Amino acid sequence: MAEHIRVLLAEDEVDKRIQEIGAQISKDYEGKQVHLVCVLKGGSFFMCELAKRITVPVSLDFMSVSSYGGDTKSSGVVKIVKDLDESLKDKHVIVVEDIVDSGRTLSYLLEMLRDRGPASMRLCTLLDKPDRRVVDVNVDYTGFSIPDEFVVGYGLDYDQKYRNLPYIGIVEFD
């Protein structure tokens, strides 16, 4: 079965929206430093582009997590594959995600990070699939709300392919 990619959000749309989010974060954190926490691998493309557009001081850290279980759906239980390198204590943290769908894994992760004592913590996602939400997660900065489609590009992959696309596309199978 072959797949092809249909453009959902063009590169210029994505770039424009990331610029807007960067401007909003810069305004919200004026006079402060923000600490961006990227959830690997998908969030790295978005976080790098976002960080370039934030005008207040920025520090970065990365973590890799997986939700596990015998199902194809997230169990919501998070296994930390790579933890943060720095403490979150007293920092203004923004967790940066590529996509929020069910909210199970992210809800667990956010609670775990809150226990590490940040001064504040917000969530920023490039894409949000509210129709898939099972656990209520408050998203502070959203790039785009999208339909329940399988999307790739800008860090999102299908079988480790298509992460490098400069746009968001829907995977369609022939």
Side-chain angles (χ1 to χ4, degrees), residues 7-29 34-54 56 58-67 73-76 78 80-82 84 88 91-114 116 118 120-158 162-171:
V7 176
L8 175 65
L9 299 165
E11 181 176 7
D12 60 337
E13 289 178 88
V14 176
D15 286 344
K16 181 178 183 278
R17 185 64 187 126
I18 294 172
Q19 178 64 45
E20 293 167 353
I21 295 169
Q24 186 62 55
I25 289 171
S26 299
K27 182 180 171 192
D28 292 350
Y29 288 90
V34 295
H35 186 69
L36 302 181
V37 172
C38 175
V39 182
L40 294 171
K41 296 178 184 174
S44 60
F45 288 72
F46 174 45
M47 187 172 82
C48 289
E49 291 301 315
L50 179 63
K52 292 190 300 188
R53 291 163 172 90
I54 296 173
V56 298
V58 174
S59 57
L60 310 173
D61 207 345
F62 300 85
M63 71 185 312
S64 181
V65 299
S66 68
S67 56
K73 297 177 185 167
S74 167
S75 65
V78 175
I80 298 175
V81 179
K82 184 234 174 279
L84 298 171
L88 297 183
K91 293 182 180 177
H92 295 286
V93 174
I94 301 175
V95 176
V96 180
E97 267 281 22
D98 52 359
I99 190 165
V100 177
D101 54 23
S102 75
R104 283 186 183 109
T105 302
L106 194 52
S107 174
Y108 185 93
L109 176 64
L110 291 172
E111 192 59 39
M112 182 183 67
L113 294 178
R114 275 188 199 97
R116 296 184 182 188
S120 66
M121 191 166 65
R122 291 187 173 169
L123 175 61
C124 178
T125 187
L126 179 59
L127 304 173
D128 188 8
K129 285 187 184 179
D131 292 344
R132 297 252 312 143
R133 197 79 80 250
V134 174
V135 176
D136 197 26
V137 175
N138 180 46
V139 181
D140 301 285
Y141 304 101
T142 301
F144 301 92
S145 287
I146 62 169
D148 187 12
E149 300 277 358
F150 194 88
V151 291
V152 294
Y154 236 90
L156 295 130
D157 74 296
Y158 168 67
Y162 308 117
R163 284 188 197 278
N164 62 317
L165 295 177
Y167 58 87
I168 304 297
I170 296 173
V171 178

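Numbering of residues begins at 1 and proceeds along the displayed sequence. All values reported here derive from a predicted model rather than from experimental measurement.
Residue-environment remark: NZ (Lys82) exceeds the threshold of 12 foreign heavy atoms within 6.0 Å.
The backbone N or O of Glu149 sits less than 3.5 Å from a side-chain atom of Lys129, completing a donor-acceptor pair. Checked by atom type and distance alone, the side chain of Ser107 never pairs as donor or acceptor with a backbone atom of Arg104 at under 3.5 Å. When atom types are taken as modelled, the side chain of Arg122 and the backbone of Val93 share no donor-acceptor pair closer than 3.5 angstrom. The main-chain N or O of Thr142 is found under 3.5 Å from a side-chain atom of Arg17 such that the two form a donor-acceptor pair. In this structure a side-chain-to-backbone donor-acceptor pair under 3.5 Å is present from Thr125 to Leu127. A distance-only check finds a donor-acceptor pair linking the side chain of Asp140 to the backbone of Leu123 [under 3.5 Å].
Leu40 and Phe62 make their closest contact through CD2-CD2, 3.6 Å (heavy atoms, listed as atom of the first residue, atom of the second, distance). Val56 and Ser26 get closest at one heavy-atom pair: CG1-O, 3.6 Å. Heavy-atom minimum distance, Gly103 versus Val137: O-CG2, 3.5 Å. Glu97 and Phe46 make their closest contact through O-CD2, 3.4 Å (heavy atoms, listed as atom of the first residue, atom of the second, distance). Tyr154 approaches Glu49 most closely through the heavy-atom pair OH-CG, 3.4 Å. The two atoms that bring Ser44 and Cys38 nearest to each other are N-SG, 3.3 Å, heavy atoms only.
Checking Val95, Thr105, Ile99, Val96 one by one against Val39, the side-chain contact (heavy atoms from CB on, under 4.5 Å) holds for a single residue, Val95.
In this structure the side chain of Leu126 never reaches within 4.5 angstrom of the side chain of Leu50, judged on heavy atoms. By the 4.5 Å heavy-atom criterion applied to side chains, Leu84 and Leu113 are counted as neighbours.
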**Study point:** Pair Lys16-Glu13, salt bridge (Lys or Arg N to Asp or Glu O under 4.0 Å): steps then yes or no
**Key:** CA-CA 5 Å; Lys16 181 178 183 278; Glu13 289 178 88; over 6 Å; no
Point to revise | Evaluation steps, side-chain contact (heavy atoms from CB on, under 4.5 Å), between Leu165 and Leu156 | key: CA-CA 9 Å; Leu165 295 177; Leu156 295 130; over 6 Å; no
Check your understanding: Would Lys41 and Asp98 count as a salt bridge (Lys or Arg N to Asp or Glu O under 4.0 Å) if you check the C-alpha gap in whole Å, the side-chain angles of each, and the deciding distance to 0.1 Å?
Key -> CA-CA 9 Å; Lys41 296 178 184 174; Asp98 52 359; over 6 Å; no
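With rounding to the nearest 0.5 angstrom, the CG atom of Asp28 is 10.5 Å from the CD1 atom of Ile54. To the nearest 0.5 Å, atoms CZ (Arg116) and NZ (Lys91) are separated by 11.5 Å. Distance check, rounded to the nearest 0.5 Å: CZ of Arg53 to CD of Glu20 gives 11.0 Å. To the nearest 0.5 Å, the span separating CG on Asp15 from CG on Leu9 amounts to 11.5 Å. For the atom pair CG (Leu109) and CD1 (Ile80), the distance works out to 7.5 Å, reported to the nearest 0.5 Å. Atom CD1 of Ile25 and atom CD1 of Ile94 lie 4.0 Å apart (nearest 0.5 Å).
In this structure Asp157 satisfies the salt bridge (charged side-chain N to carboxylate O under 4.0 Å, His left out) test together with Arg163, sequence neighbours excluded. By the salt bridge (charged side-chain N to carboxylate O under 4.0 Å, His left out) test, Lys27 is found to be paired with no residue, residues two or more places apart in sequence or in another chain being considered.
Under the 3.5 Å distance criterion, with hydrogens and angles disregarded, no donor-acceptor pair is assigned to the side chains of Asn138 and Asp136.
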